Novice: 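Below you will find the structure I want to go over with you.
Chain identifiers are assigned alphabetically (A, B, ...) following the order of the sequence lines, protein sequences preceding nucleic acid strands; residue numbering begins at 1 within each chain. All values reported here derive from a predicted model rather than from experimental measurement.
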Amino acid sequence: MKDKFSENKVRYSITDPYKVAMLLCLGAEIVERNTENPNSIIFTLEHEKMDELVNMIHSGEPSDLTQYAKHLKDIRDYIKDVKCNIGRGQ
Amino acid sequence: MPYKEENISIAGGTIVFAGGLPGYTRDAITIGQEDDKVTIDDVQQIQGVIDVRRIKVGFVVKANLYENTLENWKSAFGINAEIEESPVKAEGTRLKLDVSGDYPEGELIIYGKGESNVARTYKFYKAKLIDRGEASLDAHNATVIPVTWKILIHPDYTEIGVIDQEKLPT
């Protein structure tokens, strides 16, 4: 799902945690998390130049991924929390 | 539709293996197929080849890891020990050359490009880093670690992987 808002920011929704972590490194921000399916959580990210960020990753030319491990850990911890809470019936 | 210039793509890719980033690669990332075949050409009644049948198929991905990190050494050489703080040097790290254990295994994803500049993702559910060349320490060239992943059958899927495509977000 991709929408353009008045702030000229482009939204991009994906379930791939690795790509989310890379996009966070490149400056995108998570604006929404859809946990209807806890096994496939949809993260919606936003950035003015989202097409350039995604293009960087798919061209093998991401500018700076030094924070990748940290972002991936945070995402995985979040996914784990969601699944634990679902298990508790919350 | 054939003969469309935009179907020719020139682009590299980003590799994620077992959740980690090997980083820069030298030369091309290659995706190939290894297969065995049996040729049926020995019937008495007809000269020539009756059929060629595939009896085994597998995919292989190769890359030359260009980043001389301990993480890449650990992954490429199948070292199961964790990278830890060095006991001999403040703010240093150590990788023990543990020679036990199996080859590293995990999901292998390559983010690349397809025709008309689409974003293409190659996802292999289970890959094993089974082979590596020699990592050279060279005063005149960068250290390169050639690695090979064998794509395996994942017990939860009927296919070994998927290729997904999408247009760049606008």
Novice: Check whether T39(B) reaches the backbone of D41(B) with its side chain - one donor and one acceptor, N or O, closer than 3.5 Å.
Specialist: no

Novice: Could you name the residues of residues 64-75 of chain A that have a heavy atom within less than 4.5 Å of a heavy atom in chain B?
Specialist: L65(A), Y68(A), L72(A)

Novice: Can a donor-acceptor pair be found, under 3.5 Å and without considering hydrogens, that links the side chain of N85(A) to the backbone of D81(A)?
Specialist: yes

Novice: For I57(A), is there any backbone N or O sitting under 3.5 Å from a side-chain donor or acceptor partner on T14(B)?
Specialist: yes

Novice: Under 4.0 Å between a Lys/Arg side-chain N and an Asp/Glu carboxylate O for R94(B) and E84(B)?
Specialist: no

Novice: With distance as the sole test, does D51(B) use its side chain to make a donor-acceptor pair with the main-chain N or O of R53(B) at under 3.5 Å?
Specialist: no

Novice: Heavy-atom cut-off 4.5 Å, strictly under: side chain, backbone, both or neither for I110(B) against chain A?
Specialist: neither

Novice: So which heavy atom on L21(B) is nearest to which on M22(A), and how close?
Specialist: CD2-SD, 4.1 Å

Novice: Inspect the contact between K150(B) and E34(B) and indicate whether a charged nitrogen and a carboxylate oxygen are less than 4.0 angstrom apart.
Specialist: yes

Novice: Can you say whether K19(A) sits under 4.5 Å from chain B via the side chain, the backbone, both, or neither, judging by heavy atoms?
Specialist: both

Novice: Which atoms of E71(B) are under 4.5 Å from chain A, going by heavy atoms: the side chain, the backbone, both sets, or neither?
Specialist: neither

Novice: Out of I109(B), I15(B), V16(B), which one racks up the most heavy-atom pairs below 4.5 Å with chain A?
Specialist: V16(B)

Novice: Could you tell me whether E166(B) and R120(B) make a salt bridge, using a distance below 4.0 angstrom between a side-chain N and a carboxylate O?
Specialist: no

